[in-house]
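Note sheet for the following structure.
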Amino acid sequence: MTANAWFQVILYMVVLLAAAWPLGLFMARVFQDKSLLGLEVVLGPIERGIYALAGVKRHQEQRWTAYAGGVLLFNLIGVLLVYLLQRVQGALPLNPAGFTAVTSDLAFNTAISFATNTNWQSYSGEQSLSYLTQMLALTVQNFVSAATGIAVVVALVRGLARASASTIGNFWVDLVRTTLYVLLPLSFVLAIVLVSQGVVQTFSAYKTVPLVQAVTYDAPKLDAAGNPVKDVKGNAVTEKTTVTEVTLPLGPAASQVAIKQLGTNGGGFYGVNSAHPYENPTPLSNFIQAISILLIPASLCITFGVMVGDRRQGWAVLAAMYVILIPMTVACVWAEQSASPAISQPGVAATSGNMEGKEVRFGTVNSAIWATITTAASNGSVNSMHDSFTPLGGLVPMWMMQLGEVVFGGVGSGLYGMLIFAIIAVFVAGLMVGRTPEYLGKKIEAFEMKMASIVILIPPAVTLLGAAVACLHPVGTSAVTNPGPHGFSQILYWASSTGNNNGSAFGGLGTNSWLYNLTGGLLMLASRYWLIIPVLAIAGSLVEKKKVPESVGTLPTHTPLFVSLLIGGVLLVGALTFVPALALGPIVEHLQMK
């Protein structure tokens, strides 16, 4: 790695930490119902108006079953509305390109994708969706799906902080306060900053302009479903294409880009996502968006420490995330700067590395940093083509997802996933010393461990099952553009992304087919709600328990020893589950490359 690469990695980690501290303290005030530095004077009437319209009683809290019911009902309504808007968009306004209805299987996949905070996209937004669909369906879900994740982790934290109680808060109140006091103000400020950098925000129709010089190239031939056509040998069929003019896709992008990053959503306004100059035009906009991706997940660790009355607990969880993220980021940057022997020339690899599939304005370093952090979070945005990474470079973002999206992870979902691993860590430590395990003064017993087991086992199970289905069905294998180990990596990456609510892709896989749309939708549903319900069940169980005083035998959960135990649990689950599959994909591809 070059000195510049080290500087950029260190700069990112330091700025993220500095920004997370004040935001974490502010969010703790939001969820503890304390003064919000005057913000409640402006937004308070809006909050009360929403409660009045919705019939929500502000101070009436819920047991975990009612809280979970609210989560499921609200998200079901969201799925139905997003599906409906896609199906009727041709008859609705704000559709200057005249897009017709989205196909039923793609609309199903997209509706689930945005409701589950996955934001997997089997389409190009500028070629498929009207401005109204982008705003009313996708951008709204970017807000409320993120707010749902934060609400769930706040409920879990209350379960740990309270004693001998029966309620864990009110889902509708947590949803409204998260959206109104956290997501909306941050998104407004970020959108203004992005517009200043050149991100488009307009209702103007697309503009067609002539090229100064015509361009001729070999383009992949696509079938009616948008998948690559192959010859009898399985090679992609191309056709000569000459371009004399280009259409500039405009639209209200900045407002969606802001919340897609802050809410760890990742769904791009454009098909190439954050590699598009209208979404991410400058190195400064790239850095700001990269910070935004992990800002709220990192801040929630601080919020957690404040709400449980011991800030060291939050720092311990944040430290565990950092200890995993930093080496993985360095590994990805190193792999992309090293490049492949097949394309390297003497004296070139050490400076430019593997530039295939990367934007020149970002280079290998910023592309590799982005790839690592966007898969550490459940954020599907990309600023380069992960499919063009070196085998080891592509292995890093794939494995970051396979760890369960707990190294920062999605807003809320990352922290509650990591807290589940903390519960497992104290349980394992208790087994080793023959003592009933405790976490933050709450005894961890059989029910909590059963629910925790579900949480850590569901994502690997659905990921591997989804990959197996795609590998066994002809529709699944026909979408592969690069047969062999890399083709398997494409499928494994798709399953890892949908099975862990990430949304990024090895873009060479053609997934706009009934198999991938339906299977992917089911994977996203399972990996979102089969985790949320057990997490809320744990919160409901813990909130009823008394606090157990610390004793000589209590395991401190803020020390380097516990952080190491927590990291070991996360890495072992990921390693033991996915190393065989990784060996068949990126690892064997790397060995063949040599």
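Scope of the values below: all heavy atoms of this structure, side chains included, with no hydrogens, waters or symmetry mates. Along the sequence shown, residues are numbered consecutively beginning with 1.
Annotation: Lys450, atom NZ; neighbour count of heavy atoms from other residues, nucleotides and ligands within 6.0 Å does not exceed 12. Open room surrounds CZ on Phe188; 12 or fewer heavy atoms of other groups in view lie less than 6.0 Å from it.
At a cut-off of 3.5 Å, with distance as the only test, a side-chain donor of Gln256 or Thr139 sits close to an acceptor on the other residue. In this model, a donor atom of one side chain and an acceptor atom of the other lie less than 3.5 Å apart for Gln8 and Asn366. In this model, a donor atom of one side chain and an acceptor atom of the other lie less than 3.5 Å apart for Trp120 and Ser122. Counted by atom type alone, Asn95 and Tyr131 present zero donor-acceptor pairs between their side chains at under 3.5 Å. For the residue pair Glu47 and Tyr181, a side-chain donor N or O sits within less than 3.5 Å of a side-chain acceptor on the partner. Looking at Ser113 and Gln121, their side chains never bring a donor and an acceptor atom within 3.5 Å of each other. Under 3.5 Å, the side chains of Ser166 and Glu544 contain no donor-acceptor pair of N or O atoms. Donor-acceptor pairing under 3.5 Å is lacking for the side chains of Tyr123 and Gln127. Judged by distance alone, the side chains of Ser274 and Asn383 never bring a donor and an acceptor atom under 3.5 Å apart. Side-chain contact of Glu405 with Ser378: a donor-acceptor pair under 3.5 Å is absent, judged by distance alone. Of the N and O atoms on the side chains of Asp174 and Tyr67, at least one donor lies less than 3.5 Å from an acceptor on the other residue. Judged by distance alone, the side chains of Ser496 and Asn502 never bring a donor and an acceptor atom under 3.5 Å apart.
Residues Phe99 and Ser128 fail the side-chain proximity criterion, which asks for heavy atoms closer than 4.5 Å. Within the 4.5 Å cutoff, the side chain of Ile150 has heavy atoms near those of the Ile296 side chain. Between Glu438 and Val426, the closest side-chain pair of non-hydrogen atoms is not below 4.5 Å. Residues Val543 and Arg158 are not in side-chain contact: their nearest non-hydrogen atoms beyond the backbone lie 4.5 Å or more apart. Contact of the Ile326 side chain with the Tyr12 side chain is not registered, since no non-hydrogen atoms from C-beta on lie closer than 4.5 Å. Residues Thr167 and Trp64 form no side-chain contact, since every pair of their non-hydrogen atoms from C-beta on lies 4.5 Å or further apart. Proximity of Ile424 to Met449: side-chain heavy atoms (C-beta onward) are separated by under 4.5 Å at one or more points.
Residue Asn379 is tested with Thr118, Thr264, Thr374, Asn501 for a side-chain hydrogen bond (donor to acceptor under 3.5 Å, both in side chains); the sole match is Thr374.
The distance from atom CG of Leu186 to atom OG of Ser292, rounded to the nearest 0.5 Å, is 8.5 Å. Distance check: Ile423 CD1 to Leu566 CG gives 11.0 Å after rounding to the nearest 0.5 Å.
Glu448 and Lys442 are not joined by a salt bridge, as no carboxylate oxygen comes within less than 4.0 angstrom of a charged side-chain nitrogen. A salt bridge links Lys260 and Glu279; the closest N-O separation between the charged side-chain nitrogens and carboxylate oxygens is under 4.0 Å.
You'll find the ring centres of Phe31 and Phe26 outside the 6.0 Å limit.
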*Might you work through the side chain to side chain contact (heavy atoms under 4.5 Å, CB included) test for Gln134 and Phe269, ending with a clear yes or no?*
CA-CA 7 Å; Gln134 293 266 29; Phe269 195 92; 3.8 Å; yes
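Scanning all heavy atoms of the two residues, the minimum distance from Ser381 to Asn273 falls at CB-OD1, 3.2 Å.
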